[in-house]
Each structure stands twice: as C-alpha cells, then as structure tokens.
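The next block holds one structure in the form of structure tokens; read it before the comments.
Below, each value reflects all heavy atoms present in this structure, side chains not excepted, and no hydrogens, waters or symmetry copies. Predicted model only: the values in this text are computed from it and were never measured. Atoms within each ligand, like the ligands themselves, are counted from 1 in listed order.
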Amino acid sequence: MSKPILLAACLLAAGPALAQAQADPQRDPAKTEVWKPIPATVATPREAAPSDAVVLFDGKDLSAWESELGGKAPWTVANGAVTVVPGSKGIRTKQRFCDVQLHVEWRTPTETKGFDGQHRGNSGIFLQEVYELQVLDSYNNATYPNGQAASIYKQAIPLVNASRAPGEWQAYDVIWKAPRFSEGGGLLSPARITVLHNGVLVQNDTVLSGKTEYIGAPSYAPHGCAPIYIQDHDSRVSFRNIWVREL
Ligand code: MG
C-alpha cells in the first residue's frame with residue numbers, strides 16, 4: 001500500500017473512534033494510557049548477561065565465590081566453565097540474595113558407566129543456601145521423581161523431564177521469591193519458585209514447605225538474605241554463564 005493510501009486508510013479506521021471520543025469523553029482511548037513510570041532500559045546482548053545483572057561467573061574466575069568452609073572456592077576453572085572437584089565441598093556466593101531471577105547453565109559428565117540414580121551427575125543449586133533445585137543427569141536415568149533434575153529436592157516433582165543428554169549444556173532460569181518471617185521468627189509467607197529447564201516450564205510458582213532435607217519432613221527456620229550455594233555431590237558437574245538479577 002502506498003503511503004498516502006495507507007494514511008487515508010488509517011484515518012478512516014480511526015474516524016469512528018475519534019467521533020465516539022468527542023461524543024463521550026469516557027470513550028477516549030487516551031484515558032487508559034499510562035505513561036509513568038517508564039521502565040528502566042536493560043540491554044540484552046546475545047550469549048551474555050543482561051546489563052542490570054550481577055554476573056556471578058563469566059567463565060574467567062571464581063572471585064564472586066568462596067568455599068562453604070570459608071576461603072577460596074576450590075573448583076576448577078577451564079575453557080569458560082567451572083567444574084566441581086569431588087570431595088572439595090560446595091561453593092557459595094560472597095554476596096547474599098533474597099528475591100532473584102537466576103540464570104545458570106550446567107553440564108553433567110559424558111561418562112555415565114557405573115553411575116546410576118542419584119550418583120549420576122548430581123549437584124544442586126541451593127537458593128538462600130538451604131533450598132535445593134536439583135541438578136542431576138536425568139536423561140534415561142531412573143530415580144525418585146522428587147529427586148530428579150529440576151525437582152525441588154524431595155518436595156516437588158518437575159512438571160516434565162526436559163533433560164538433555166549427558167555432556168550437553170543445559171540451562172535453568174529461575175524466579176525465586178524468598179520466604180518472609182516475622183520479627184519473632186514466625187513464617188509470614190513461604191518461598192516460591194518458578195523454573196524453566198532448557199526453556200520449558202518445570203516448576204510453576206511452586207510453594208516450598210521448608211528447607212531441603214535428605215531425611216524427614218522439611219520445615220522453616222527464620223533467616224535473612226543468604227548466598228546462592230552450589231553442591232559438591234562427588235560428580236564432576238560443570239557450570240557456566242551464571243548471573244542473577246535482584247528483584
Ligand atoms: Mg543434588
């Protein structure tokens with residue numbers, strides 16, 4: 001359509017609405033336009049963290065992390081990834097977080113022979129140090145579903161199994177709402193989590209019953225903002241491109 005014809009078509013289409021607005025000011029479409037606040041601009045480069053993110057690992061070093069025992073994070077950094085050193089214990093961020101959007105990519109070992117169930121590519125992303133989003137090689141690897149990849153360990157089975165084959169990079173995108181506690185330590189509102197695994201919804205505003213327990217029922221103990229912790233579960237799981245946006 002040529003520009004003058006397009007303009008004429010637009011005026012014709014707007015005509016009735018304009019006439020209606022003049023006859024009845026309540027029908028003015030501008031009445032429902034909201035112009036403030038204007039959202040802040042966030043740059044979103046491909047293959048990199050958004051401009052307002054806290055970059056926790058960009059492939060180069062573990063300066064944002066420390067050992068769970070205190071001191072330097074003991075895992076191996078090479079080829080843009082960080083890999084668990086079995087037996088060295090977990091690592092946690094130096095910074096503490098409450099509500100966050102978290103992105104983390106992970107890869108379980110290609111070699112699976114002799115490793116089954118919970119022993120195959122096990123790690124975990126712990127929000128606020130005590131709530132585990134399970135990392136596991138769940139590609140043709142049976143285990144209890146509330147302990148497979150993308151489960152909230154022993155609390156919530158993922159909606160589907162979106163796992164890729166061992167040795168392939170996978171991604172979690174997480175929206176975490178921290179639990180709230182009263183001054184006296186009572187639970188005001190539980191933690192909630194939404195997770196996309198490789199772009200597929202696997203936890204949809206799941207409500208947590210408390211901190212992760214290996215044995216017994218979960219329960220809450222009051223806490224404030226806390227580090228993000230990654231588990232050493234004796235598997236050489238690798239991670240890359242870890243960033244977080246505080247909400
Ligand atoms: Mg685990």
Side-chain angles (χ1 to χ4, degrees), residues 56-57 62 65-69 73-76 81-93 97 100 102-112 114-174 176 191 193-198 202-203 206 208-219 226-242 244:
L56 295 175
F57 179 65
L62 287 173
W65 300 80
E66 63 184 12
S67 165
E68 71 169 272
L69 304 173
W75 295 2
T76 307
V82 55
T83 302
V84 175
V85 174
S88 69
K89 297 289 185 188
I91 62 172
R92 67 183 171 219
T93 57
F97 300 98
V100 291
L102 169 69
H103 175 88
V104 52
E105 296 171 25
W106 53 276
R107 180 184 64 189
T108 60
T110 309
E111 183 55 60
T112 59
F115 299 100
D116 289 312
Q118 293 288 313
H119 300 290
R120 185 181 293 182
N122 193 334
S123 180
I125 312 294
F126 286 67
L127 285 307
Q128 297 190 292
E129 275 192 302
V130 292
Y131 309 100
E132 183 180 15
L133 167 61
Q134 175 70 305
V135 168
L136 193 74
D137 174 359
S138 286
Y139 188 84
N140 297 329
N141 177 37
T143 187
Y144 42 95
N146 67 349
Q148 73 178 61
S151 66
I152 305 309
Y153 186 75
K154 288 200 171 169
Q155 292 192 42
I157 296 170
L159 298 170
V160 292
N161 184 348
S163 297
R164 292 181 183 147
E168 286 194 44
W169 282 104
Q170 312 200 43
Y172 282 154
D173 285 284
V174 178
W176 175 255
I193 191 168
T194 293
V195 182
L196 302 179
H197 181 191
N198 299 327
V202 287
Q203 297 288 346
T206 301
L208 276 77
S209 312
K211 67 188 173 76
T212 298
E213 296 289 359
Y214 180 49
I215 299 167
S219 62
I228 293 165
Y229 168 85
I230 307 182
Q231 184 184 45
D232 163 19
H233 200 289
D234 293 326
S235 301
R236 294 180 196 280
V237 178
S238 299
F239 299 88
R240 71 177 184 189
N241 197 15
I242 311 173
V244 69

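- Ring geometry for Tyr172 against Trp106 counts as tilted: the plane angle lies between 30° and 60°, on a 0 to 90° scale.
- For Asn140, there are no side-chain contact (heavy atoms from CB on, under 4.5 Å) partners, not counting sequence neighbours.
- For the ring pair (Phe, Tyr, Trp, His ring centres under 6.0 Å) test, residues two or more places apart in sequence or in another chain that qualify with Trp176 are Tyr131.
- Judged by a 6.0 Å distance limit and a 45° cone about the ring axis, Lys154 is positioned over the six-membered ring of Tyr144.
- If you count the protein N, O or S atoms nearer to the Mg ion (ligand 1) than 2.8 Å, you get 5.
- Checked by atom type, the side-chain pair Gln118/Thr143 shows a donor-acceptor distance below 3.5 Å.
- In terms of the side-chain contact (heavy atoms from CB on, under 4.5 Å) criterion, residue partners of Glu168 (sequence neighbours excluded) are, by chain and number, Arg164, Ala165.
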